[in-house]
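Shown next, in C-alpha cells, is the structure this report addresses.
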Amino acid sequence: MDSKIIHATCMGAAVTVIAIRVTIIEQERNRIYIPREPRINVIAQREFYIDSILNRGDRHCVEQIRMKPVVLYKLCDVLTSCDLLRSTQNVSIREQIIVFLQIVGQNQRFRVISGIYYRSVETIHRYFRIVLKVVLKLYKHLIKDLEDTVPAEIMNNRRFYLYFKV
C-alpha cells in the first residue's frame, strides 16, 4: 500500500509540474511582443549634424571646422581625384574629413567626437589616423621643390638678400 501511495504522489507531482509548464508556455505564446527599435536613428542624427555644420553659413562652418564649405568640398574632390582617400561602407569621405578637422581645429577629444557622431572611440581614432596620413601625403601634390634661383627683386634688395645669399 505504501508503494501505491508513493507512486500516486510522484505521478501527481509530475502531472502538476507538466501542467504548470504548459501554462507558462501558453502564456508566452499569447504574449504581445513589442518590437524593439533604436531610441534614435543614429545615421539620420549623424547626417543632420554634418549638414548643420555645412549649411548654417560660412561663419558657423569656419567656427566648427576652420574652413568654408566650398573649401571642404574642394578638399574632398582633391583627395578623391588623387585616390588618397575613399569612402567606406559606413563612413563617407566628407564625414572622415570633418571629424579630422574638428579634432585638429577644436582640440576635441576622441571620446567627445565619438559621442557626437554615435561611433566608437576606436572608429574615430582609426579614421583620424587614416586622414592624417592622407594629409601628410598631400605635400607631393601641393608643395613644389625649391629652385636654386633667387628672384631678382630679392637679389637686388639689400633688406632680403642677407637671408638668401648663395
Side-chain angles (χ1 to χ4, degrees), residues 17-151 153-154 160 163-164:
V17 168
I18 291 172
I20 290 173
R21 185 65 187 144
V22 167
T23 305
I24 291 172
I25 290 171
E26 281 299 316
Q27 285 178 350
E28 285 294 317
R29 270 194 209 151
N30 295 333
R31 187 175 181 185
I32 298 173
Y33 286 101
I34 300 173
R36 296 197 76 193
E37 295 179 11
R39 294 184 185 140
I40 55 173
N41 185 350
V42 295
I43 297 170
Q45 285 291 102
R46 187 179 304 128
E47 286 300 317
F48 176 76
Y49 182 72
I50 291 171
D51 289 340
S52 73
I53 290 173
L54 297 176
N55 298 330
R56 282 180 58 189
D58 288 350
R59 185 175 182 166
H60 178 72
C61 190
V62 169
E63 289 172 357
Q64 293 296 313
I65 61 173
R66 304 290 188 241
M67 66 176 56
K68 292 182 179 181
V70 175
V71 178
L72 176 78
Y73 290 126
K74 182 66 175 166
L75 178 62
C76 291
D77 291 342
V78 167
L79 295 177
T80 304
S81 65
C82 295
D83 200 29
L84 295 172
L85 193 61
R86 291 190 180 126
S87 290
T88 62
Q89 183 178 0
N90 298 320
V91 185
S92 66
I93 290 177
R94 186 175 68 159
E95 183 181 347
Q96 292 175 33
I97 294 172
I98 290 175
V99 165
F100 173 80
L101 292 173
Q102 280 188 317
I103 292 170
V104 172
Q106 298 286 343
N107 194 23
Q108 289 286 342
R109 303 290 181 247
F110 291 129
R111 187 161 304 283
V112 173
I113 296 294
S114 71
I116 292 171
Y117 288 93
Y118 301 100
R119 300 216 182 263
S120 69
V121 176
E122 191 273 332
T123 301
I124 297 296
H125 182 259
R126 180 181 336 120
Y127 285 105
F128 176 82
R129 291 189 60 188
I130 289 170
V131 175
L132 179 62
K133 289 177 183 177
V134 165
V135 168
L136 292 175
K137 288 180 186 176
L138 266 180
Y139 82 90
K140 294 177 185 175
H141 302 282
L142 299 177
I143 299 175
K144 306 287 186 222
D145 287 336
L146 291 177
E147 297 175 4
D148 291 336
T149 61
V150 178
E153 55 267 9
I154 293 176
F160 297 118
Y163 301 105
F164 293 99

Check against side chain to side chain contact (heavy atoms under 4.5 Å, CB included), I20 and I18: CA-CA 5 Å; I20 290 173; I18 291 172; over 6 Å; no
Step-by-step side chain to side chain contact (heavy atoms under 4.5 Å, CB included) determination, T23 to Q27: CA-CA 6 Å; T23 305; Q27 285 178 350; 4.2 Å; yes
I would like to know whether F100 and V135 meet side chain to side chain contact (heavy atoms under 4.5 Å, CB included); could you show each step before the answer? CA-CA 10 Å; F100 173 80; V135 168; 4.1 Å; yes
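Considering CZ of R94 and CD1 of I53, their distance stands at 9.5 Å, rounded to 0.5 Å. Note that the CD1 atom of I130 and the OG1 atom of T88 stand 8.0 Å from one another [nearest 0.5 Å]. Atom CD1 of I103 and atom OH of Y127 lie 13.5 Å apart (nearest 0.5 Å). Interatomic distance, Q64 CD to Q108 CD, rounded to the nearest 0.5 Å: 8.5 Å. Going from atom SG of C61 over to atom CG of N55 covers 9.0 Å, rounded to the nearest 0.5 Å. Of the inter-residue distances, the one linking I98 atom CD1 with I113 atom CD1 reads 10.5 Å to the nearest 0.5 angstrom.
Contact of the I25 side chain with the R29 side chain is registered, since non-hydrogen atoms from C-beta on lie closer than 4.5 Å. By the 4.5 Å heavy-atom criterion applied to side chains, V99 and I124 are counted as neighbours. Residues I97 and L85 have side chains in contact (heavy-atom distance under 4.5 Å, counting atoms from C-beta outward). The closest side-chain heavy-atom distance from E95 to R119 is below 4.5 Å. In this structure, V104 and F128 have side chains that are in contact, with non-hydrogen atoms separated by less than 4.5 Å. Looking at heavy atoms from C-beta onward, L54 lies in side-chain contact with Y73 at the 4.5 angstrom threshold. Inter-residue side-chain proximity for L101 and V131 is flagged as unmet; no heavy-atom pair is nearer than 4.5 Å. Looking only at side-chain heavy atoms (C-beta outward), T123 and S114 stay at 4.5 Å or farther from each other.
Minimum heavy-atom separation, Q106 to R66: NE2-NH1, 3.6 Å. Counting all heavy atoms, side chain and backbone alike, Y118 lies closest to R46 at O-NH2, 3.3 Å. Looking at every heavy atom in both residues, I93 comes nearest to S87 through N-OG, 3.2 Å. The heavy-atom pair separating I65 from Q102 by the smallest distance is CG2-CG, 3.9 Å.
Aromatic rings from Y117 and Y49 are positioned such that their centres are separated by under 6.0 Å.
Each salt bridge (charged side-chain N to carboxylate O under 4.0 Å, His left out) pair with one or both residues in residues 104-118, not counting sequence neighbours, would appear here, but there are none.
Applying the ring pair (Phe, Tyr, Trp, His ring centres under 6.0 Å) criterion to F48, with sequence neighbours excluded, gives no partner residue. With sequence neighbours excluded, the residues satisfying side-chain contact (heavy atoms from CB on, under 4.5 Å) with E122 are S120, R126.
Atom CG of L138 has more than 12 neighbouring heavy atoms from other residues, nucleotides or ligands inside a 6.0 Å radius. The local environment of CZ in R129 is sparse, with at most 12 non-hydrogen atoms from other residues, nucleotides or ligands closer than 6.0 Å.
Looking at R56 and E63, no side-chain N of the basic residue comes within less than 4.0 Å of a carboxylate O on the acidic one, giving no salt bridge.
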